[in-house]
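For reference, the structure is listed below as structure tokens.
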Amino acid sequence: MARKAMEILTESMFYVLMALKKAPMCGTDIATAVERRTQNRVLLGPATLYTILGKFEKEGYIREIAVSGRKRTYEITAIGLEAYENEWERLRQCLADAEESERSC
């Protein structure tokens, strides 16, 4: 069965929503928050970050709340929070499946 667009988030997408869950942020602050959270394991270049932000804004996961020159500040919406929580649950289930698999080996 085909999946709906954005039903499963990429790792980068998940971390962007995680950052915005803490507080509204601009793109630079989001990238910094993700790098800190992942100890530089996930690095968001400008093209990747702004592609994600554009998709999220189009899907209603985030909204722009302030503009100051080129700096745009975003916040997560209820739809974005639901997407984050759904992905978090999916990942928890993946880990539970892997743990169960390891126990049965």
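Keep in mind that the numbers below use all heavy atoms, side chains included, and drop hydrogens, waters and symmetry copies. Bear in mind that the values here come from a model prediction, so they are computed numbers and not experimental data.
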_Under the criterion side-chain hydrogen bond (donor to acceptor under 3.5 Å, both in side chains), I'd like the reasoning laid out for Arg72 against Tyr50: C-alpha separation, chi angles, the key distance, then a yes or no._
CA-CA 11 Å; Arg72 299 177 183 280; Tyr50 288 101; over 6 Å; no

*Give the intermediate values and the outcome of side chain to side chain contact (heavy atoms under 4.5 Å, CB included) for residues Phe56 and Thr51.*
CA-CA 9 Å; Phe56 280 174; Thr51 297; over 6 Å; no

*Which is it for Glu11 and Arg41 under the side chain to side chain contact (heavy atoms under 4.5 Å, CB included) test, yes or no, and what are the steps along the way?*
CA-CA 11 Å; Glu11 184 177 28; Arg41 185 178 50 78; 2.2 Å; yes

*asked:* Determine whether Leu53 and Ile30 satisfy the following criterion, side chain to side chain contact (heavy atoms under 4.5 Å, CB included), listing intermediate values before the conclusion.
replied: CA-CA 10 Å; Leu53 292 175; Ile30 293 168; 4.0 Å; yes

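Nearest heavy-atom pair, Leu9 versus Met13, reported as atom, atom and distance to 0.1 Å: CB-CB, 3.9 Å. When every heavy atom of Leu49 is checked against every heavy atom of Ala31, the shortest pair comes out as CD2-CB, 4.2 Å. Leu17 and Ala83 get closest at one heavy-atom pair: CD1-CB, 4.4 Å. Looking at every heavy atom in both residues, Ile8 comes nearest to Arg90 through CG2-NH2, 3.5 Å.
For the side-chain contact (heavy atoms from CB on, under 4.5 Å) test, residues two or more places apart in sequence or in another chain that qualify with Glu85 are Leu81. When the side-chain contact (heavy atoms from CB on, under 4.5 Å) test is applied to Glu75, the partners found at least two apart in sequence or on another chain are Pro24, Arg63, Ile65.
Around atom CD of Glu89, more than 12 heavy atoms belonging to other residues, nucleotides or ligands sit under 6.0 Å away.
Note that CE of Met18 and CD1 of Ile76 are 10.5 Å apart. Values are rounded to the nearest 0.5 Å.
A cation-pi geometry, defined here as NZ or CZ lying under 6.0 Å from the six-membered ring centre and within 45° of its normal, holds between Arg92 and Trp88.
Between the side chain of Thr77 and the backbone N or O of Tyr61, at least one donor-acceptor pair lies under 3.5 Å. For Thr32 (side chain) and Thr28 (main-chain N/O), a donor-acceptor pair under 3.5 Å exists by modelled atom type.
Classified by interplanar angle (parallel below 30°, tilted 30° to 60°, perpendicular above 60°), the ring pair Phe14/Tyr84 is parallel.
Linking ILVMFWY residues whenever their side-chain heavy atoms come closer than 4.5 Å, directly or via other members, places Tyr15 and Ile79 in the same cluster. Under a hydrophobic-cluster definition in which Ile, Leu, Val, Met, Phe, Trp and Tyr are linked whenever side-chain heavy atoms come within less than 4.5 Å, directly or via other members, Leu20 and Leu43 are assigned to different clusters.
Screening Thr48, Val34, Val16 for a side chain to side chain contact (heavy atoms under 4.5 Å, CB included) involving Val42 leaves a single residue, Val34.
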